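Numbers restart at 1 for each chain; the letters A, B, ... are given by sequence-line order, proteins then strands. Given the structure is predicted, the values throughout are model-derived calculations rather than measurements.
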Amino acid sequence: MKYKYDPKRIREVLGKKVQFLLGDMACVYGGLLAGCSFFGGYPITPASEVAEGMARRLPRVGGTYIQMEDEIGSMAAVIGAAWGGAKSMTATSGPGFSLMMENYGFAAMTETPCVIVNVQRTGPSTGQPTLGAQGDMMQVRWGTHGDFEALALAPSTVQECMDFTIEAFNLSEKYRNPACVMTDGEVGHLRERIIIPDEKDLKIIDRVTATIDKEKYIPFTNSQTRKSKVPDFATFGTGYRTYVTGLTHNEKGFPATDKQPDHERLVKRITTKITDDADKLVMVEQLNLDDADVAFVTYGATARPAESAMEMGRKNGIKVGLLRLKIVWPFPDKLVTNLAKDVDKIIVPEMNLGQMVHPVREFAENHCEVISAPKIGGEMHLPMELYKYLEGK
Amino acid sequence: MKKDIRVCGFGGQGVILSGFIIGKAASVFMDYHAVQSQSYGPEARGGAARSEIIISDEKIGYPRPIGVDYLVAMSQESFDTYRDDIRDDAVIIVDSDLVKKHDIGRPLYKVQAQKIAEELGNKIVTNIVMVGAFTSIFGLLKTEAVKESVIDSVPKRFTELNIKAFERGLEAGKNAVKEL
C-alpha cells in the first residue's frame, strides 16, 4: 500500500485528544502526525517503546516498520527511505546512537532529511540501560567526523516529546539535514497528560521537491526555484538524475575529492544553510529573568528540578531565573551572551559531567561566572541539590 | 495540594498499571496535574517493582516524589524495600495476606485484595481491587473519575471483571476504614 498523508486517519489511530501518555509514545505520536511513513530501528532500553509504538501504528496508517539487524542498518534504512520519498525516523539510546554516527554523517553530507530520537541513558558503553542521562549532548553535535551542523531538540515534558518530534521533522525537511530529539530515560519513561493537536492546528513542513525541467536540474546546489541554500529534493523514482555519495561531490553529485574549493563550497553550503538562520532557530523558555542575579541555563529533564529549585529560591528572596533551551543545537549564542551580561552567575545543571556548560562558558565570554552542576548515575538532581548552588554552597 | 503516592509490589502484579490508572484519573478525568514514573528490576516477573504518582493542582517540576504521602504495598519485599522515605503521617494500605509482617508500630489499612480477586475468579485483577481500595480510603480522587480511568485502561473484553474488582475494592476500602 502506498502511503498517503491522511491526518484524519492518523488522528483516528492515535485516539482521544487528551491522554495520559508515556514520553516515548509521545515521540511516536509526533512522528505519525508529522507524516512519518517509515521507521527502521532496533529496540534498546529505554527507547524500545518508540519502536513498539511505531510497529503497532505505522501499518495502520499505511506506513512501513522494519526492525533492522542493528543500528548501523537502521540508520541506513532510514536514509534510503528518505531518498525513496518517505519521511523517516528511527529511535535509539546511547550504544545505538554510537553505531549510527557513521550514517548520521552520511545523512548530513548527502542532505538527507530524517529524524533520530535518542532516549539517552548513562554511558559510556552499555552503562545503566534503564536509567536516564544527558550524556550524548556533545555526541549529537560532534560525534560524526568532519564539519556539519546539528539540529537537536531537548524535550522536558511528555507534551514536548510529541511537539518536538513534529518540530524535528519540520526542521529536517526544511533544511534537508538529520534532526535529533534528545530526550532521556527520565522523560521518555514518564507519563503525563498530553493534548493532541487537531488537524487544523498541525503545522507541517514538507521538503521542497524538484519541479524544474529534468534536463536543467542540479541536485546539490542552491534551490533552483526559490532563494535558499537548500537544494530542491528529487527523490528516487521521480525521473530526475541524482547521484548520491558521501564523498565530497560537485553540484551534480559526482565525486570531486581532490580540489580544495570543491570541498569548501559544498561544506560551507551545507553548514551555512543552517547557521544563516541561527537567530530564527532560537527556541527557548525564559522564566524570571527580568530582575535575575543568577540564572539556570538548562534543557531536557534537568529543567524540571531546576525550575523547582528556582521556585524555592524565589520564595527565599533569591533573584533567580531560568533559561531553558528547547533547541540545543544550533546553540543560542547571542542569547547566552546577553544573559551573561545581565546576571552575576550562570549555573548549568546536567545529567552528565559537564557538556553544554562548555558552549555556555564560551558564549558567556567572561561576562559572568559559569558553574557546572553535574550529576551522573541515572538519577535526576533533587531540587534541593540545585538550590544549594543558589546559596553558593 | 500536592500528594506523592507510591504503589509497590512484585513485577507482574500490575503495579505500573495501577499507577497509570490513578494518574490518568487525576489528569484526564479530573483537572489535576499528574505525573507517573516507575522503577523496576531487570526481571520481567518477580522482584520489587514500584510506580510513583504525583498529583497536584499546580504544574509539576521535579517529577519524582520526595517523601511519600500515600503508600500501597502488595508484596512483603516491596513493603520492606520502599518505605524508608515515607512521611511520618503517611497513610498506608497493605494486602495483609501478601504483606504478612506489616506490624511496624503504626496504624495501617488492611485490604485482602488478592483474596477478593481470586473470589472474582482471576488473581490478575488484584491491582484493580487495590485501586478501588485506594480510592475509598484516601478520598483523594472522585470515584467516577477512577472508574472511568479503569474502563479506559483495561482490555475491552475484561471491562466487566475489572469494574467488579474496582467496586469490590471500594467496598473493602470502606470496611478497612471501619476496622482501623
Side-chain angles (χ1 to χ4, degrees), chain A residues 15-25 45-46 49 126 128-132 156-159 184-196 285 287 296 298 300-314 322 324 349 375 378-387, chain B residues 2 4-5 7 11 15-44 47-67 85 131 141 145-146 148-156:
Chain A
K16 291 183 180 168
K17 184 172 176 64
V18 181
Q19 299 186 19
F20 193 62
L21 198 72
L22 195 71
D24 279 4
M25 204 56 79
T45 304
E49 289 88 346
T126 25
Q128 294 167 297
T130 59
L131 302 179
S156 299
T157 64
V158 172
Q159 180 76 44
D184 60 81
E186 286 285 345
V187 175
H189 275 177
L190 199 68
R191 284 189 178 87
E192 279 181 308
R193 172 174 53 202
I194 67 156
I195 299 170
I196 302 171
E285 181 181 27
L287 298 172
F296 287 111
T298 177
T302 314
R304 301 183 69 129
E307 192 175 334
S308 300
M310 177 193 74
E311 280 161 12
M312 290 162 74
R314 282 277 163 183
L322 184 150
R324 178 164 73 91
K375 183 164 182 178
E379 280 179 15
M380 246 185 230
H381 301 73
L382 292 166
M384 186 46 102
E385 289 171 343
L386 292 179
Y387 177 74
Chain B
K2 180 169 175 289
D4 296 330
I5 302 156
V7 183
V15 164
I16 309 291
L17 179 63
S18 13
F20 174 62
I21 288 170
I22 291 164
K24 190 198 278 187
S27 68
V28 175
F29 296 102
M30 292 178 76
D31 288 332
Y32 291 118
H33 292 269
V35 297
Q36 185 248 335
S37 54
Q38 57 207 37
S39 311
Y40 44 84
E43 311 94 334
R50 70 177 199 247
S51 174
E52 292 170 328
I53 312 104
I54 301 176
I55 296 177
S56 172
D57 41 25
E58 283 173 29
K59 185 181 162 194
I60 299 166
Y62 181 70
R64 296 207 179 245
I66 304 169
D85 56 346
V131 169
L141 300 173
V146 186
E148 275 187 81
S149 181
V150 170
I151 295 167
D152 198 56
S153 309
V154 300
K156 290 273 173 290

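Note: B/K24 NZ to A/L21 CG = 9.5 Å, rounded to the nearest 0.5 Å. Distance check: B/S51 OG to A/R191 CZ gives 7.5 Å after rounding to the nearest 0.5 Å. Note that CG of A/L190 and CZ of B/R64 are 7.5 Å apart. Values are rounded to the nearest 0.5 Å. Note that CG of B/D31 and CZ of A/R193 are 7.0 Å apart. Values are rounded to the nearest 0.5 Å. Distance check: B/Q36 CD to A/H189 NE2 gives 11.0 Å after rounding to the nearest 0.5 Å.
At a threshold of 4.0 Å, the pair A/E307-B/K59 counts as salt-bridged, since one of the basic side-chain nitrogens sits closer than that to a carboxylate oxygen.
For the residue pair A/F20 and B/F20, the shortest heavy atom distance occurs at O-CE1, 3.1 Å. The heavy-atom pair separating A/P305 from B/Y62 by the smallest distance is CB-CD1, 3.8 Å. For the pair A/V18 and B/V28, the tightest heavy-atom approach, listed with the atom from each and the gap, is O-CG1, 3.9 Å.
For A/E379, the CD atom sits in a loose shell: 12 or fewer heavy atoms of surrounding residues, nucleotides or ligands are nearer than 6.0 Å.
In this structure, no portion of A/E311 lies under 4.5 Å from any heavy atom of chain B. Heavy atoms closer than 4.5 Å to chain B are found nowhere in A/L131, neither backbone nor side chain.
Under the side-chain contact (heavy atoms from CB on, under 4.5 Å) criterion, A/Q159 pairs with A/T157, A/M162, A/D163, A/I194, A/I195, not counting sequence neighbours. Annotation: side-chain contact (heavy atoms from CB on, under 4.5 Å) contacts of B/D4 (sequence neighbours excluded): B/K2, B/I54, B/P65, B/D69, B/R87.
Comparing B/S153, B/S37, B/A34, B/G19 by heavy-atom pairs within less than 4.5 Å of chain A, the highest count is held by B/A34.
Side-chain atoms of A/R304 come within 3.5 Å of backbone N or O of B/G61 as a donor-acceptor pair.
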- Dump the intermediate steps for side-chain contact (heavy atoms from CB on, under 4.5 Å) on A/E192 and B/I60, then the final yes or no. CA-CA 10 Å; A/E192 279 181 308; B/I60 299 166; 5.5 Å; no
